[in-house]
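The structure appears below as structure tokens.
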Amino acid sequence: MTASQSLADHLLSLEAALQTREVRSSETRLRDLLAPDFREFGRSGLAYTFNDIMTRLVVEDGPANSSISNFTVSMLSETVALATYRGTRLNADGNRQFTNRSSIWRLEVDGKWRMVFHQGTATE
């Protein structure tokens, strides 16, 4: 089941926000976007919990030159959505890093969509 365009646009804006230094360095904003039971399998192959991500992102100073393409959203249920896309990061040395990404978003009881799972897989 395909998501409505308005939901897809909303989740794209949340994904894009999570790539900004402003959001990544704010514990308040991260708590607003990530569910307490959040888990991630990173591009590196390492696994992270909510607490790991909170600790790592607020002190991160890596490049913020990221973009999203081929963004799609499929509904897994009325309150759970799967977002998939290709991420591109321009590293400080000028090289591009490509990653296939997927996120599971859940509509919480407070009416906000929060990410519960994210995975990044390195690609050419």
Side-chain angles (χ1 to χ4, degrees):
M1 161 170 53
T2 304
S4 69
Q5 189 60 50
S6 63
L7 177 58
D9 291 344
H10 179 64
L11 294 181
L12 174 57
S13 73
L14 298 181
E15 291 276 2
L18 280 165
Q19 293 186 8
T20 67
R21 281 197 184 112
E22 178 185 354
V23 170
R24 294 168 83 87
S25 64
S26 168
E27 186 174 333
T28 301
R29 287 291 288 137
L30 288 172
R31 288 184 184 281
D32 201 37
L33 294 171
L34 303 178
D37 56 340
F38 174 82
R39 298 290 182 269
E40 177 175 350
F41 294 130
R43 183 182 198 281
S44 65
L46 298 175
Y48 303 100
T49 65
F50 175 83
N51 290 334
D52 295 333
I53 291 298
M54 294 299 289
T55 302
R56 292 174 60 90
L57 291 187
V58 296
V59 298
E60 179 183 74
D61 65 352
N65 302 325
S66 300
S67 64
I68 294 172
S69 60
N70 302 327
F71 188 82
T72 62
V73 177
S74 299
M75 299 304 297
L76 302 179
S77 76
E78 288 185 19
T79 59
V80 178
L82 170 66
T84 59
Y85 60 96
R86 181 175 172 101
T88 304
R89 174 175 283 175
L90 182 61
N91 293 325
D93 63 6
N95 288 321
R96 288 197 169 105
Q97 197 175 53
F98 300 102
T99 308
N100 288 331
R101 298 196 173 274
S102 60
S103 303
I104 297 177
W105 292 85
R106 180 176 61 211
L107 182 60
E108 302 290 327
V109 295
D110 64 1
K112 294 182 180 180
W113 285 90
R114 288 195 177 83
M115 187 184 290
V116 294
F117 178 78
H118 184 76
Q119 181 166 353
T121 304
T123 187
E124 302 265 332

Backbone of Leu18 reached by a side-chain donor or acceptor of Arg24 within 3.5 Å: yes

Exceeds 12 heavy-atom contacts within 6.0 angstrom, atom CZ of Arg86: yes

Shortest non-hydrogen contact from Ala8 toward Phe71: O-CE2, 3.4 Å

Point-to-point distance, once rounded to the nearest 0.5 Å, from CG of Asn91 to CD of Gln97: 4.5 Å

Stepwise ring-ring contact (aromatic ring centres under 6.0 Å, His included) test for Phe117 and Phe41: CA-CA 8 Å; Phe117 178 78; Phe41 294 130; 5.6 Å; yes

Check against side chain to side chain contact (heavy atoms under 4.5 Å, CB included), Leu11 and Leu7: CA-CA 6 Å; Leu11 294 181; Leu7 177 58; 3.9 Å; yes

Separation of Ile104 CD1 from Phe38 CZ (nearest 0.5 Å): 10.5 Å

Non-hydrogen atoms of Ser67 and Gln19 that approach each other most closely: N-OE1, 3.9 Å

Show me the donor-acceptor pairs, under 3.5 Å and distance only, between side chains in residues 108-115 and residues at least two apart or in other chains.
unit_1: Glu108; atom_1: OE2; unit_2: Arg106; atom_2: NE; d: 2.7
unit_1: Glu108; atom_1: OE2; unit_2: Arg106; atom_2: NH2; d: 3.1
unit_1: Asp110; atom_1: OD1; unit_2: Lys112; atom_2: N; d: 3.0
unit_1: Asp110; atom_1: OD1; unit_2: Arg114; atom_2: NH1; d: 3.2
unit_1: Asp110; atom_1: OD2; unit_2: Arg114; atom_2: NH1; d: 3.0
unit_1: Asp110; atom_1: OD2; unit_2: Arg114; atom_2: NH2; d: 2.9
unit_1: Lys112; atom_1: NZ; unit_2: Asp32; atom_2: OD1; d: 2.7
unit_1: Arg114; atom_1: NE; unit_2: Arg31; atom_2: O; d: 3.4
unit_1: Arg114; atom_1: NE; unit_2: Asp32; atom_2: O; d: 3.2

Heavy-atom closest pair, residues Ser102 and Thr84: CB-CG2, 4.0 Å

Met75 with Leu14, same ILVMFWY side-chain cluster at under 4.5 Å: yes

CD1 on Ile68 to CD on Glu15, rounded to 0.5 Å: 5.5 Å

Val116 to Ala35 - nearest heavy-atom pair and separation: CG1-CB, 3.5 Å

Approximate separation, where rounding is to 0.5 Å, of Thr121 OG1 and Phe98 CZ: 15.5 Å

Leu30 and Met54: CA distance, side-chain angles, deciding distance, side chain to side chain contact (heavy atoms under 4.5 Å, CB included) verdict: CA-CA 7 Å; Leu30 288 172; Met54 294 299 289; 3.6 Å; yes

Heavy-atom pair with the smallest gap, counting every atom of Ala81 and Val73: CB-CG1, 3.8 Å

Euclidean distance, Leu34 CG relative to Leu57 CG, rounded to 0.5 Å: 7.5 Å

Distance-minimising heavy-atom pair for Asp52 and Ala47: OD2-O, 4.2 Å

Between Asp9 and Ser6, a side-chain donor and acceptor under 3.5 Å: no

Cluster overlap Val80 with Leu82, hydrophobic side-chain contacts below 4.5 Å: yes

Interatomic spacing from CG in Asn100 to OG1 in Thr123 - rounded to 0.5 Å: 4.5 Å

Working for side chain to side chain contact (heavy atoms under 4.5 Å, CB included), residues Asn70 and Tyr85: CA-CA 5 Å; Asn70 302 327; Tyr85 60 96; 5.6 Å; no

Residues Ser26 and Thr28: side-chain donor-acceptor under 3.5 angstrom: no

